[in-house]
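What follows is a short report on a single structure.
Just so it is clear: chains get the letters A, B, ... in the order the sequence lines come, proteins before strands, and each one is counted from 1.
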Number of protein chains: 2
Amino acid sequence: MKNGAKHTTIIDIAKILRISPSTVSRALNNHPDIKIKTKEKVRNIAKKLQYSPNTIAQSLKNNRTKTIGVMIPEIKHDFFSSAISGIEEIAYHSGYTIIVCQSNESYEREVLNTIALMRHRVAGVIVSISQNTKSGEHFKDLLRRKIPLVFFDRVCDDIEASKVVIDDYKSAFDAVTFLINKGYKKIAHFAGPQGVGVYEKRLKGYVDAIKENKIPFVNGLLLHAGLNTSDGYESMDSLFKSKLIPDAIFTVNDPVALGACKRIKEAGLKIPNDIAAIGFSNNVITSVVDPSLTTVDQFPFEMGRKAAELLIQTIENKLMKPKTIIIDTKLIVREST
Amino acid sequence: MKNGAKHTTIIDIAKILRISPSTVSRALNNHPDIKIKTKEKVRNIAKKLQYSPNTIAQSLKNNRTKTIGVMIPEIKHDFFSSAISGIEEIAYHSGYTIIVCQSNESYEREVLNTIALMRHRVAGVIVSISQNTKSGEHFKDLLRRKIPLVFFDRVCDDIEASKVVIDDYKSAFDAVTFLINKGYKKIAHFAGPQGVGVYEKRLKGYVDAIKENKIPFVNGLLLHAGLNTSDGYESMDSLFKSKLIPDAIFTVNDPVALGACKRIKEAGLKIPNDIAAIGFSNNVITSVVDPSLTTVDQFPFEMGRKAAELLIQTIENKLMKPKTIIIDTKLIVREST
DNA sequence: TAATAAACTACAAACGATTGCGGGAACGAT
DNA sequence: ATCGTTCCCGCAATCGTTTGTAGTTTATTA
């Protein structure tokens, strides 16, 4: 079961040149104690034998790795894959590699993945937590072991770690206010799973925007469901059945908005003339659907970059205490409003 | 610059119990030489101190890691993030972790990433190559070091390694034949970068389908461009300008098809009545655009799974020689045809 | 020429785990 | 009393690097 891999080591090089491994090591690391002649010889042999240092051995010796653990719910979501892309970008340029794992929205798997990352002695971890994560004990384990931790988007509020988030409350508030200013008065909200901070805040933003603008709050216009297209479809369907027809909807995310739009179109109504719609996240998809969807851009690539920057700064002791970065969102106005 | 991390080791446990580290190791690995009483004591202390084995040390000792390197052009593409998801799924269940890197379609970066993966002594590598990769020397380096390699989708033909692909030729041939059977006669193809095998094969499939069905091949209906929406838009634009209007188009991928559709709609023409369209890949986006797009599903999640399975089998010596798996594609017929 | 500094290089320990081998203890059988 | 088993466990080497210390040249200076 061994990897058959046979790599050349500094000992191989040492033997050939009849010098000691330590000299080879110092030569390769350009240590001043080694004379240039020797360094050149070492480097030549190293190149000839395709020597590449064994990170494993280095890590063991130095008690430190250049690996960052990334755990997100699901890679296939636009938002998260863009974030990973941003993380990888920064990591790459700082000489770090990233280990990616997905929790699949499962708390148990999140815990197991955390353990796996600890075993790997990652230098730090970047996380967006699963929907079903209530306890943050596994993250506290990381901190107890002095492994730096950065949350992004879906954060764990009661853990002292750096965070990269958007202002979900304000983004939602602004989106709804935008609708109100456009003259819409019966605005529905399809909320996400409560218990997850970001969705709670979006809901609160909706409620407060309604209240502050002195629009009557109608309980029936506030629906709770999941995060998928089907949820949006069904929520809209139930509104139609209840004869409580809004003139605009604001949904927890883009897929839900799209599902709702589908149902609206099936009802023979026009968007935005009969019902306007705003989603959340600016999935690529929103710009090409017909009508294109007004939505809130969270700049996930940028969030990933910032999270990686924060983490690396913490790892390298350039950032001594947790910091929260709030990424500005942008309402992307399109045809659906 | 050290990670402050302080982890408990088997030595710590050994000291507490006044036994030797080797006994602790054997106890934890459930070795028959160790009596149950001792094992229990060891396990208790291990749990109390939150011991978790140092993968680094294990890897060094065993000269083998349980890490798989994954290199793809860009994570943010639907197709690749789904594939990664599939890879991670299989890897997770076999106890492997994955290191992800992106080449960003750059040959140089692909080479550097390969070196980084070798340094990490990954047990194997899964790759979809960049557009600009002509030489496969860096992959041969992997094989020389006996590091198993599996390609998926964009493969390197002249390297002897396992591959997971679709039959691009047949998929394209079938898609075009489908159009022909529907009665379309002036079918255009917007081809991708030649030099990349998969795109060449799709082109060939198009050409042969035209010829075998005795439809006149019109040179002006074959356009070469890139892979983005803008390329599709411009290709369509140039067709309009050349007054050579097709009654159907088959594009190298979905974004190109969408770009073309955009231009078609701008021209006031109807899809599929005036011009039909077929894309390639079944990006999520294609099902929600209006009109929804007929396309070819490549089952990227499944490709990722298969690639991971092949790789792990090779790593564990259960697969002795390279194998090529061809994933069946499926023409998803929607409104655009 | 001898003393001293400067320039190189080697030795050995360490990182944390695994594992072949050997040895002590306890026990029964002869 | 001797031998043989069986059961537990420890010693020490090993994986590939890094690095403090010490040692050997060589060059420099008095």
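Taking atom CD1 on Ile11(B) and atom P on dC11(D), their separation rounds to 13 Å, with Å as the unit. Residue Ile13(A) contributes atom CD1, which lies 15 Å from atom P of dT9(C) at whole-angstrom precision. Protein atom CD1 of Ile34(B) is 6 Å distant from nucleotide atom C1' of dC9(D), rounded to whole Å. When rounded to the nearest whole Å, the span between CG of Asn54(A) and P of dC15(C) equals 18 Å. One interatomic measurement links the two molecules: CD1 of Ile36(B) to P of dC9(D), which rounds to 11 Å at whole-angstrom precision. Taking atom NE2 of His7(B) as the reference point, atom C1' of dG16(C) lies 12 Å away to the nearest angstrom. Computed from coordinates, the Asn30(B) CG to dC8(D) C1' distance equals 15 Å when rounded to whole Å. If you measure from atom CG of Asn63(B) to atom C1' of dT17(D), you get 14 Å, rounded to the nearest angstrom.
Residue Arg119(A) is out of contact with every strand shown, counting any heavy-atom pair closer than 4.0 Å. Using a 4.0 Å heavy-atom cutoff across all strands shown, Lys61(B) reaches at least one base atom of the nucleic acid. Thr9(A) comes within 4.0 angstrom of the backbone, heavy atoms only, and of no base. Note on Ser59(A): nothing from the nucleic acid sits closer than 4.0 angstrom, heavy atoms only. Note on Ile19(A): only backbone sugar-phosphate atoms sit closer than 4.0 angstrom, heavy atoms only; bases stay farther off.
Residue order along DNA chain C, read from the 5' end via each residue's closest nucleotide, puts Thr23(A) first among Asp33(B) and Thr23(A). Judged by closest nucleotide on DNA chain D, Arg26(B) is the one of Thr8(A) and Arg26(B) placed further toward the 5' end. Take the nearest nucleotide of DNA chain D for Leu60(B) and for Asn29(A): the residue whose nucleotide is more 5' is Leu60(B).
Regarding contacts with the backbone of dT18(C), a side-chain N or O of Ser25(B) is found under 4.0 angstrom from either OP1 or OP2. One finds no side-chain N or O of Gln58(B) lying less than 4.0 angstrom from the OP1 or OP2 phosphate oxygen of dG16(C).
With distances taken from any side-chain atom of Ser20(A) to the nucleotides dC11(D), dA17(C), dC11(C), the minimum falls on dC11(C).
From Glu316(A), atom CD reaches atom OH of Tyr96(A) across 3.5 Å, with rounding to the nearest 0.5 Å.
Cation-pi check for Arg43(A) over Tyr51(A) is not met; the charged atom does not lie both under 6.0 angstrom from the ring centroid and within 45 degrees of its normal.
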Side chain to side chain donor-acceptor pair (under 3.5 Å), that's the test. Do His120(A) and Thr97(B) meet it? Break it down for me. CA-CA 9 Å; His120(A) 275 273; Thr97(B) 45; 3.1 Å; yes
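For Thr133(B), the side chain to side chain donor-acceptor pair (under 3.5 Å) partners at least two apart in sequence or on another chain are Glu110(B), Ser130(B).
No donor-acceptor distance shorter than 3.5 angstrom exists from the side chain of Gln313(B) to the backbone of Lys318(B), with no hydrogens or angles considered.
Residue-to-nucleotide contacts include no donor-acceptor pair under 3.5 Å from the side chain of Ser22(B) to the base of dC9(D).
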